[in-house]
Amino acid sequence: MAATATGNVPAGGPRRSIAAQDRLFGFLISAPGLAALLLVILFPIFFTIFTSFHDYTLIHPNFETFTGIEKYSEALGEGYLRTSIWVTVKFVIASVVIEFMIGFTVALMLNTVQRFKTIYYFILLMPLLINPVVVGLTWRMLLHTELGIVNYVIGVIGIPAVNWLGDPEIAFWTVVLVDIWHQVSFMAILLLAGLAALPREPYEAARMDGASMLRCFVHITLPLMRPVITVALLLRMIFAIKTFDIVFIMTKGGPGTATDLLSYYIYRAAFFGLDVSKASAMSVLLLLAVLALTVYLYRYMKSMA
């Protein structure tokens with residue numbers, strides 16, 4: 001009878017019930033986070049895409065007129081947009097390449113340091129911990145033509161004052177250098193983490209064969225670091241494309257269009273040109289460019305796994 005009674009119980013019934021309760025509990029725990037994700041990230045994205053297909057301005061804020069891809073065509077046909085894209089490309093290439101060179105050098109040095117590592121890490125992290133708005137305000141005061149300490153210091157050694165933020169050529173490179181000062185720590189930390197995770201055996205074998213440090217670097221370090229280098233470069237490229245705070249605080253895109261990055265150009269189109277639909281269309285195009293880089297990053301990381 002006991003065997004018969006036991007046989008009437010569905011196989012795995014209690015286990016199924018526990019698994020269902022676990023799934024329900026997991027869903028309830030994650031529900032607030034998912035709701036916040038939908039509200040903070042997905043809703044603005046879908047609203048931006050929806051706005052880009054309508055004639056929505058701050059003067060006539062309504063969605064009555066459906067324009068299709070007209071705003072996209074209008075945005076892509078603007079000469080100022082092409083100029084802004086070119087400035088953004090120059091900014092991304094200059095800042096990311098220089099940050100990589102400095103960051104890799106710093107990472108290699110810190111990877112061999114044994115004493116006072118905590119102090120070096122603290123110094124390395126300091127710029128990265130500062131808010132970009134604070135960085136922009138600080139450097140704008142330091143680089144002031146008449147009152148800035150930078151011009152005062154170079155004046156002491158006989159160099160004439162430089163219009164760091166008023167000259168078109170100098171202003172662009174000033175913004176690049178400030179961005180490097182702020183973000184080079186991020187590059188160095190990523191590369192340092194990659195160097196710390198490298199296996200020691202290939203280096204020991206190379207030393208036994210009499211290989212120099214340069215040959216070890218070229219034939220061991222660089223090949224092994226290739227995935228980390230690719231990820232670091234792509235992440236910094238994505239972040240550099242979206243740079244806004246420093247430009248907004250320091251130059252407002254000027255003088256002229258010298259520092260008019262794409263993110264700031266979109267801001268001006270929405271709040272100065274009052275054409276939210278066109279700004280939304282440009283935002284979608286920028287999002288697609290960043291997504292393309294992200295997909296490439298994911299596929300590359302998957303292929304290296």
Side-chain angles (χ1 to χ4, degrees), residues 37 40-49 52 72 75-76 81-104 106-107 124-125 127-133 135-136 172-173 175-194 225-250 253 259-270 279-305:
L37 184 67
V40 176
I41 297 179
L42 294 183
F43 174 74
I45 291 175
F46 287 121
F47 183 79
T48 300
I49 296 172
S52 68
Y72 290 89
L76 292 173
L81 177 62
R82 291 191 289 271
T83 302
S84 181
I85 292 174
W86 172 238
V87 173
T88 305
V89 170
K90 289 195 302 179
F91 174 82
V92 171
I93 293 175
S95 59
V96 172
V97 169
I98 298 174
E99 285 170 17
F100 170 73
M101 295 172 63
I102 298 175
F104 205 3
V106 172
L124 181 65
L125 284 170
L128 194 60
L129 297 176
I130 303 175
N131 188 282
V133 175
V135 172
F172 173 81
W173 290 106
V175 173
V176 168
L177 291 175
V178 171
D179 183 74
I180 291 169
W181 179 87
H182 186 220
Q183 296 293 337
V184 71
S185 300
F186 176 79
M187 183 73 74
I189 289 169
L190 286 181
L191 297 174
L192 182 59
M225 282 289 292
R226 188 176 65 175
V228 179
I229 291 173
T230 303
V231 170
L233 289 174
L234 286 173
L235 286 177
R236 270 304 300 141
M237 285 176 63
I238 292 171
F239 295 151
I241 289 173
K242 301 185 296 180
T243 300
F244 173 81
D245 312 73
I246 292 176
V247 171
F248 177 77
I249 296 297
M250 294 185 66
T259 60
D260 196 10
L261 300 183
L262 190 55
S263 56
Y264 186 75
Y265 179 80
I266 293 171
Y267 165 81
R268 288 198 298 107
S280 298
M282 290 187 285
S283 299
V284 172
L285 295 175
L286 179 60
L287 174 64
L288 292 176
V290 173
L291 282 177
L293 285 174
T294 305
V295 169
Y296 175 77
L297 170 63
Y298 172 76
R299 289 183 176 179
Y300 185 84
M301 291 177 64
K302 191 174 181 180
S303 67
M304 297 300 296

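Side chains are part of it too, since the values below use all heavy atoms of this structure and drop only hydrogens, waters and symmetry mates.
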(request) Measure from the side-chain N and O atoms of S95 to the backbone N and O of I180, and report whether any donor-acceptor pair falls under 3.5 Å. (result) no

* So, the side chain of S263 versus the backbone of T243: is there a donor-acceptor pair under 3.5 Å, distance only? ->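 Checked: pair present.
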
Practice item. Go through F172 and V176 one step at a time and tell me if the side chain to side chain contact (heavy atoms under 4.5 Å, CB included) criterion holds. Key: CA-CA 6 Å; F172 173 81; V176 168; 3.9 Å; yes

So, taking the atom named [atom1] in [X] and the one named [atom2] in [Y], what distance separates them when rounded to the nearest 0.5 Å?
X    : Y    : atom1 : atom2 : result
T259 : I246 : OG1   : CD1   : 11.5 Å
H182 : D245 : NE2   : CG    : 9.0 Å
L37  : L42  : CG    : CG    : 5.0 Å
L129 : L124 : CG    : CG    : 9.5 Å
W86  : T83  : CH2   : OG1   : 11.0 Å
T48  : I45  : OG1   : CD1   : 7.5 Å

ask   = What pairs with Y267 under side-chain hydrogen bond (donor to acceptor under 3.5 Å, both in side chains), at least two apart in sequence or on another chain?
value =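 Residues passing side-chain hydrogen bond (donor to acceptor under 3.5 Å, both in side chains) with Y267: none at all.
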
Quiz item: side-chain hydrogen bond (donor to acceptor under 3.5 Å, both in side chains) with S280: which residues, sequence neighbours excluded?
Solution: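 So S280 forms no side-chain hydrogen bond (donor to acceptor under 3.5 Å, both in side chains) with any residue.
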
Heavy-atom pair with the smallest gap, counting every atom of [X] and [Y]:
X    : Y    : value
A240 : V96  : CB-CG2, 4.2 Å
L128 : Q183 : CD1-OE1, 3.9 Å
L191 : A232 : CD2-CB, 4.3 Å
S52  : Y72  : OG-OH, 2.7 Å

Item to complete: Return the orientation label for the Y264 and F248 ring planes: parallel under 30°, perpendicular over 60°, tilted otherwise.
Response: tilted

Residue pairs involving residues 228-238 (criterion salt bridge (Lys or Arg N to Asp or Glu O under 4.0 Å); sequence neighbours excluded):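 Non-adjacent pairs meeting salt bridge (Lys or Arg N to Asp or Glu O under 4.0 Å): E99-R236, D179-R236.
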
Partner set under ring pair (Phe, Tyr, Trp, His ring centres under 6.0 Å) for F104, not counting sequence neighbours: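 For F104 the ring pair (Phe, Tyr, Trp, His ring centres under 6.0 Å) partners, ignoring immediate neighbours, are F100, F217.
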
Sorted by chain and residue number, the ring pair (Phe, Tyr, Trp, His ring centres under 6.0 Å) partners of F46 (sequence neighbours excluded) come out as none

Contact between [X] and [Y] at the side-chain level, heavy atoms closer than 4.5 Å - yes or no?
X    : Y    : answer
L233 : M187 : yes
V135 : W181 : yes
V87  : D260 : no

I266 meets the side chain to side chain contact (heavy atoms under 4.5 Å, CB included) criterion, sequence neighbours left out, with L262, A279, M282, S283, L286

*asked:* Under the criterion side chain to side chain contact (heavy atoms under 4.5 Å, CB included), I'd like the reasoning laid out for I189 against L125: C-alpha separation, chi angles, the key distance, then a yes or no.
replied: CA-CA 8 Å; I189 289 169; L125 284 170; 2.9 Å; yes

(request) Could you go through the side chain to side chain contact (heavy atoms under 4.5 Å, CB included) check for Y265 and L81 one step at a time? (result) CA-CA 8 Å; Y265 179 80; L81 177 62; 3.8 Å; yes

